[in-house]
Structures are given as structure tokens and as C-alpha cells.
Amino acid sequence: MECDDGNRKKVYRIIAISLIVMSFVLYAIMPFNACLPFSVCTIAGITGIMMAISEVIFWVGSLMIGRDVALKIRKKYSIRTIVNHIKDRKQG
């Protein structure tokens, strides 16, 4: 079974997008860390580690997919953009 260059690029793109999505998922579940049955210091440590891992995963995916594409994704799905979109929908 041979893997030509086109298929390899598709696989890298899928892996890169999956890594970027996984970094967003890590950020999305961080508020639920407060529900964990640990001390405040432990929860803060877990959250900090999750933030660091999420950033590393995002930038690894970004390097795989390309910096320009990753920055467009990050800008489009940033919290600020989502909040502004929600505000615009309520006003209009």
C-alpha cells in the first residue's frame, strides 16, 4: 500500500485540524475544573497545566497546517469574536 504525496498532505491536514480543535476543547472544559474534588491549589495547578498543554497542542497543529491558516482559525473562533457576534445578534 503506497502513500502518495496528496494523501500524506490530507492526513497531515486532518491531524493538524484535530490538534487545533483539541486545544479549543481543553479551553472549553477548563471552567469545569472548579467542580473537581481537590484543593484550590491543586485545581489551579491542573488549570495551568491544561492551559500550557492547550497552547502547545495549538501551535504544533499550527506548524503542521501553516501559520496563516492557524491565525485565521484562532481569530475567527476567539472568545472576543464570539461575544461580539452574540452582542450584534441581540442588537439587530
Among T47, V25, I46, side-chain contact (heavy atoms from CB on, under 4.5 Å) partner for M30: T47
Y12 meets the side-chain hydrogen bond (donor to acceptor under 3.5 Å, both in side chains) criterion, sequence neighbours left out, with none
Working to the nearest 0.5 angstrom, can you tell me the gap between [X] [atom1] and [Y] [atom2]?
| X | Y | atom1 | atom2 | answer |
| --- | --- | --- | --- | --- |
| S62 | I57 | OG | CD1 | 11.5 Å |
| L26 | M51 | CG | CE | 11.5 Å |
| M50 | Y27 | CE | OH | 10.0 Å |
| I20 | W59 | CD1 | CH2 | 9.0 Å |

Partner set under salt bridge (Lys or Arg N to Asp or Glu O under 4.0 Å) for K10, not counting sequence neighbours: none
Count I, L, V, M, F, W, Y as connected when their side-chain heavy atoms are under 4.5 Å apart, and connections chain through other members. Are [X] and [Y] then in the same cluster?
| X | Y | result |
| --- | --- | --- |
| I14 | M22 | no |
| L63 | I15 | no |
| I49 | V40 | no |

For a side chain to side chain contact (heavy atoms under 4.5 Å, CB included) check, start with the C-alpha distance between N84 and R80, then their side-chain angles and the critical distance, and finish with the verdict. CA-CA 6 Å; N84 288 339; R80 185 179 306 153; 3.8 Å; yes
Do you know the tightest heavy-atom contact between S54 and S23? OG-O, 2.8 Å
